[in-house]
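Protein chains get the first letters and strands the later ones, always in sequence-line order, with residue 1 at the start of each. Note that these values count all heavy atoms, side chains included, but never hydrogens, waters or copies made by symmetry.
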Amino acid sequence: MPEMPEVQTLVDALNRVDLVGRRISGAAVYWPKTIAGMPPAVFSERITGCVLQAVTRRGKYLVFRLTRGLQLLLHLRMTGRLNWERRGSARSRHEHVILQFDNDFDLRFHDTRKFGRMTLTADPAAVLGKLGPEPLGERFTLRHFQRMLAGRSRVVKPLLLDQTFIAGLGNIYVDEALWQAGIHPRRISDTLSDREIAALHQAISRVLQKGLENLGTTLGGGEGNFYSVAGRRGRNADALNVFRRTGRPCPRCKTTIERLVVAQRASHVCPVCQPLP
DNA sequence: GTCTATGTTTGCGG
DNA sequence: TCCGCAAACATAGA
């Protein structure tokens with residue numbers, strides 16, 4: 001569930017604690033598969049002693065820039081979370097990697113479903129280079145979006161979920177953007193009119209900005225949900241118009257919202273606002 | 001207790 | 001190239 005606004009919320013929260021500038025004094029890995037590309041022992045050895053220089057984001061990846069020319073890339077997948085805790089507090093059974101810092105605090109990766117991945121690399125472009133543009137970046141203009149769509153004939157929802165097409169959107173914000181733009185998720189990309197492309201471009205930036213303002217979307221109260229550092233919930237769930245609102249009235253026209261599956265993903269639409277020609 | 005769905009990504013086969 | 005499907009796992013909710 002962490003999509004761009006949730007990851008950015010986490011990055012912002014990490015930048016408000018005493019983390020950047022600290023030296024990593026040790027690392028412990030409790031679930032080896034969380035570490036991609038190298039054995040956990042090598043990971044721990046290489047990262048220990050590095051100083052954290054910056055925490056940023058690219059797409060849905062958290063990017064930790066370290067000394068020694070290294071970067072730690074973290075993808076939260078479905079249920080990844082980060083806890084910033086004083087060393088010595090009890091480890092929860094879902095905390096799979098613990099980075100210890102020289103101020104006696106730990107950055108702990110908590111991941112109930114264990115799909116999240118950490119990559120320690122000197123060549124981050126090998127992972128990040130494939131990503132499409134940032135949807136709130138300067139380069140993502142309407143003209144650019146039109147060019148990106150030109151000549152491709154793909155179902156629009158899976159296209160928007162494709163991180164090499166555009167980086168950072170997931171199921172929630174795609175459903176919301178398509179509703180806002182009045183576009184059915186099964187529409188084919190090269191049948192969109194200029195007006196629809198413009199509406200979609202604007203809708204993408206609106207739903208993401210709203211998500212950021214609200215510090216992310218936290219649905220329900222489960223373990224695997226989005227929580228920022230210190231367990232803070234996002235409040236964007238209240239701002240959702242269609243996502244997980246099957247059977248309730250469309251905020252625009254009061255028609256009952258329907259759930260369908262598109263590209264194996266649950267999708268939520270207003271059949272009147274988002275007609276399929 | 002049992003069964004189904006789940007917000008992400010990758011890799012396979014057609 | 002594109003699509004559908006399965007898998008990586010654990011939990012919530014019916």
Student: Distance-only check: which donor-acceptor pairs under 3.5 Å involve side-chain atoms of residues 59-67 of chain A, not counting sequence neighbours?
Tutor:
unit_1, atom_1, unit_2, atom_2, d
A:K60, NZ, A:L169, O, 2.9
A:R65, NH1, A:Q53, OE1, 3.3
A:T67, OG1, A:V51, N, 2.8

Student: Apply ring pair (Phe, Tyr, Trp, His ring centres under 6.0 Å) to A:F140 and list each qualifying residue two or more places apart in sequence or on a separate chain.
Tutor: A:F145, A:H201
Student: Report, as a single string ordered 5' to 3', how protein heavy atoms within less than 4.0 Å touch nucleotides 5-14 of chain C: B base, S sugar-phosphate only, - not at all.
Tutor: B--BBBSS--
Student: Please give, in whole Å, the distance from B:dT6 P to A:D175 CG?
Tutor: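 Value for this atom pair: 11 Å.
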Student: C:dC3, B:dT10, B:dT8: which one has an atom nearest the side-chain heavy atoms of A:V155?
Tutor: C:dC3
Student: List in chain and number order the residues that pass ring pair (Phe, Tyr, Trp, His ring centres under 6.0 Å) with A:F243, two or more places apart in sequence or in another chain; answer none if no residue qualifies.
Tutor: A:H268
Student: Could you give the CD1-to-P distance, from A:I172 to B:dG7, as a whole number of Å?
Tutor: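 Checked: the CD1 to P distance equals 8 Å.
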Student: Tell me: CG of A:L260 to P of C:dG4, nearest whole Å?
Tutor: 13 Å
Student: Quick one: A:I188 CD1 to C:dC2 C1', roughly how many Å, whole number?
Tutor: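 Nearest whole value for this atom pair: 11 Å.
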Student: Tell me every residue that passes side chain to side chain contact (heavy atoms under 4.5 Å, CB included) with A:R232, counting only those two or more places apart in sequence or in another chain.
Tutor: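 A:R232: side chain to side chain contact (heavy atoms under 4.5 Å, CB included) contacts with A:A13, A:R16, A:S228, A:A230.
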Student: Roughly how many Å is it from CD in A:E6 to P in B:dT8, rounded to a whole number?
Tutor: 9 Å
Student: Can you tell me how far CZ of A:R46 sits from CD1 of A:I24, rounded to the nearest 0.5 angstrom?
Tutor: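 Rounded to the nearest 0.5 Å, the CD1-CZ separation comes to 14.0 Å.
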Student: Whenever both distances are under 3.5 Å in a Watson-Crick or G-U wobble pair, mark it; put DNA chain B into dot-bracket that way, with [ ] for crossing pairs and | when the partner is on another strand.
Tutor: .|||||.|||||||
